[in-house]
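Structure first, commentary second.
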Amino acid sequence: MRRLGQGFRISRTSRRAAVLGILCVLGAGAAAGCGGGASDGRTTLTVGVFGSFGFEEAGLYQRYMTLRPDIAIKQTSIQRNENYYPQLLTHLGSGSGLADIQAVEVSNIAEVTATQSGKLVDLGTAAGVDRGAFLPWKWAQATDRRGRTLGLGTDIGPQAICYRKDLFAKAGLPTDRAAVGRLWAGDWGKYLATGKRYRAKAPRGTAFVDSASGVMAAVTAADPHRFYDRRGKVVYRTSTTVRNAWRTAARFAASGLTARLQQFTPAWDQGFANASFATVSCPAWMLGYIQDKSGAAGRDRWDVAAAPRPGNWGGSFLVVPRTGRHTKEAAALAAWLTAPAQQATLFAERGSFPSARAAYALPVVAGARHPYFGNAPIGRIFSEAAQGVPVQIVGPKDLIIAQNLSDVGMLQVDQKGTSPEDGWNAAVKAIDNALDL
């Protein structure tokens with residue numbers, strides 16, 4: 001069985017850190033498509049990403065250039081997606097300044113497919129692309145209403161529950177990961193009930209879960225119907241999924257089961273270091289984050305169990321602008337980078353979980369274990385979760401809706417004791433203002 005250590009010290013935040021070798025930064029290109037001819041006669045393909053996707057670090061570009069000596073690859077990077085994505089939209093609009101291949105974050109893919117489809121190559125019909133190798137829900141995320149697949153999936157974030165065995169033992173709960181998973185299998189209400197059992201004998205100064213917002217996000221990530229309907233109408237206010245997720249999270253807060261933390265803040269980081277909470281909803285990419293923040297003291301105290309219901313948090317795509325000089329060659333490179341074998345390599349080297357389901361049977365994925373998390377069989381756990389994720393309706397402003405529900409609404413309920421009704425109304429006002437509804 002393969003054991004992953006350093007490869008899983010890569011959190012989603014650190015995987016999006018800047019890389020070296022910026023040659024044609026998005027927004028600075030003078031012509032349509034930054035690719036061209038190398039001085040040695042090779043065709044140069046440019047790949048524009050935000051942060052570090054790991055392709056270069058894992059040696060995939062070099063391997064492709066060995067297989068295709070007629071191709072040279074140059075990667076460009078802008079550190080943060082919030083800076084990268086607006087520029088990408090601007091340059092798609094103008095048809096200039098684009099790399100031959102561009103990365104798109106999952107939170108942006110719906111807007112890209114809805115508003116930029118005519119400016120991107122249909123990769124579903126490109127040579128070397130095997131639709132059957134991908135998870136159906138991942139393929140659907142980058143497919144427009146006309147059935148054109150405009151992006152090929154790279155990584156995903158299938159979710160599990162990471163839990164502290166030492167805290168569970170002190171609270172009289174089982175610690176074996178299979179037994180822990182059975183505590184809440186199939187039902188977020190059972191997760192709440194387990195939290196109440198934990199609270200009854202909880203070690204002093206600890207809570208069952210990190211935050212109510214984290215619970216809400218995990219619940220909504222596990223259902224196909226969230227913020228938009230199939231016609232593209234914003235329906236979060238009447239969505240049964242969203243309202244159930246809101247009520248469930250509010251019950252966690254009202255029951256005193258949360259550490260009342262906001263995720264990805266210094267206080268949250270300190271909560272890991274201080275063992276302040278016993279569980280957290282964790283996509284595959286978060287394992288490295290937990291390891292980093294919990295430090296040596298958390299080794300073999302954390303473990304991984306299946307979530308009540310499988311969901312996804314995170315992931316990205318590769319798209320090919322039609323204005324590029326070498327769209328056929330770019331599509332071939334995108335197809336190769338996202339093929340199962342290369343996704344498995346990226347998983348082994350960088351901790352990026354594959355969106356190509358055909359990779360799950362490969363030994364490097366199927367046999368993967370994580371020594372920090374009690375030698376947990378993370379390849380199996382996250383593969384099973386990934387294959388259980390429903391095909392979701394993804395809307396262009398999902399991120400804005402989710403952020404305001406969390407940071408404007410549920411955060412007040414969790415930290416300030418605001419009533420669920422008042423917290424909901426505050427979130428709705430912020431969302432409707434942001435979307436001009």
Side-chain angles (χ1 to χ4, degrees), residues 1-19 49-60 77 79-81 105-106 154-165 177 210-211 214 217-218 221 261 263-266 268-277 279-305 307 311-316 343-355 359 364-365 367-383 385-386:
M1 303 289 275
R2 180 176 177 83
R3 301 169 186 269
L4 297 185
Q6 291 299 318
F8 266 82
R9 295 183 62 83
I10 308 297
S11 71
R12 186 165 187 80
T13 300
S14 59
R15 284 195 287 112
R16 300 306 191 223
V19 295
V49 303
F50 48 96
S52 172
F53 267 54
F55 296 141
E56 190 169 47
E57 295 86 343
L60 293 180
S77 177
Q79 183 173 354
R80 301 180 67 85
N81 185 52
E105 228 282 340
V106 65
T154 56
D155 61 320
I156 55 174
Q159 293 194 118
I161 299 292
C162 291
Y163 67 99
R164 286 198 62 121
K165 293 178 288 190
R177 65 181 66 93
D210 65 320
S211 66
L261 298 170
Q263 293 186 334
F264 301 104
T265 63
W268 192 58
D269 294 348
Q270 196 61 43
F272 283 111
N274 294 341
S276 299
F277 47 87
T279 71
V280 61
S281 297
C282 57
W285 51 262
M286 193 182 284
L287 299 187
Y289 193 97
I290 294 172
Q291 181 175 348
D292 285 342
K293 302 307 178 185
S294 298
R299 184 182 181 89
D300 203 32
R301 288 176 171 81
W302 282 101
D303 211 318
V304 186
N312 181 74
W313 177 9
S316 299
Q343 290 205 25
T345 296
L346 205 58
F347 169 72
E349 298 296 329
R350 305 289 293 174
S352 301
F353 203 82
S355 64
V364 71
V365 179
R369 289 183 174 270
H370 203 309
Y372 186 87
F373 290 82
N375 210 30
I378 50 134
R380 176 180 59 79
I381 291 171
F382 288 114
S383 292

Nearest heavy-atom approach of Ala344 to Val364 is CB-CG1, 3.4 Å

Please confirm whether the backbone N or O of Gly295 pairs with a side-chain atom of Tyr372, one donor and one acceptor, at under 3.5 Å? yes

Restricting to salt bridge (Lys or Arg N to Asp or Glu O under 4.0 Å), what partner residues turn up for Asp210, sequence neighbours left out? none

Less than 4.5 Å apart, side chain to side chain, heavy atoms only: is that true for Phe373 and Ile381? no

Output all residues satisfying side-chain contact (heavy atoms from CB on, under 4.5 Å) with Ser355, sequence neighbours left out; order by chain, then residue number. Phe134, Lys138, Ile156, Gln343

Are any non-hydrogen side-chain atoms of Ser383 and Phe353 less than 4.5 angstrom apart? yes

Can you name the side-chain hydrogen bond (donor to acceptor under 3.5 Å, both in side chains) partners of Thr345, sequence neighbours left out? none

Taking the side chain from Trp285 and the backbone from Trp313, do they hold a donor-acceptor pair closer than 3.5 Å? yes

Judged by atom type as modelled, is there a donor-acceptor pair below 3.5 Å linking the side chain of Arg369 to the main-chain atoms of Asn375? yes

Heavy-atom closest pair (Ala58 atom, Glu349 atom, distance to 0.1 Å) is CB-CB, 4.0 Å

Output for pair (Phe277 CZ, Cys162 SG), nearest 0.5 Å, gives 10.0 Å

Please name the pair of heavy atoms, one in Gln159 and one in Ala221, separated by the smallest distance, quoted to 0.1 Å. NE2-CB, 3.6 Å

Which residues pass the side-chain hydrogen bond (donor to acceptor under 3.5 Å, both in side chains) test with Thr279, sequence neighbours left out? Tyr191

Side chains of Ile378 and Phe347: closer than 4.5 Å at any heavy-atom pair? yes

Would you indicate whether the side-chain heavy atoms of Leu346 and Leu60 approach each other to under 4.5 Å? yes

Quick check: Trp268 with Phe264 (ring centres under 6.0 Å apart)? yes

So which heavy atom on Gln263 is nearest to which on Gly214, and how close? NE2-CA, 3.7 Å

Using a 4.5 Å cut-off on heavy atoms from C-beta on, say whether the side chain of Met286 contacts that of Ser281. no

Can you check whether Leu287 reaches His370 side chain to side chain, under 4.5 Å on heavy atoms? yes

Ignoring hydrogens, what is the shortest heavy-atom contact between Asp300 and Gly374? Give both atom names and the distance. OD1-CA, 3.1 Å

Contacts of Arg380 meeting salt bridge (Lys or Arg N to Asp or Glu O under 4.0 Å) (sequence neighbours excluded), chain-then-number -> Glu384

What closest approach, in Å, do Asn312 and Pro158 show between heavy atoms, and which atom pair accounts for it? OD1-N, 3.4 Å

How are the rings of Tyr289 and Phe272 set relative to one another: parallel (under 30°), tilted (30 to 60°) or perpendicular (over 60°)? perpendicular

Ignoring hydrogens and angles, tell me if any N or O in the side chain of Thr154 forms a donor-acceptor pair with the backbone of Ser316 under 3.5 Å. yes

Listed by chain and number, what are the side-chain hydrogen bond (donor to acceptor under 3.5 Å, both in side chains) partners of Arg177, not counting sequence neighbours? Asp303

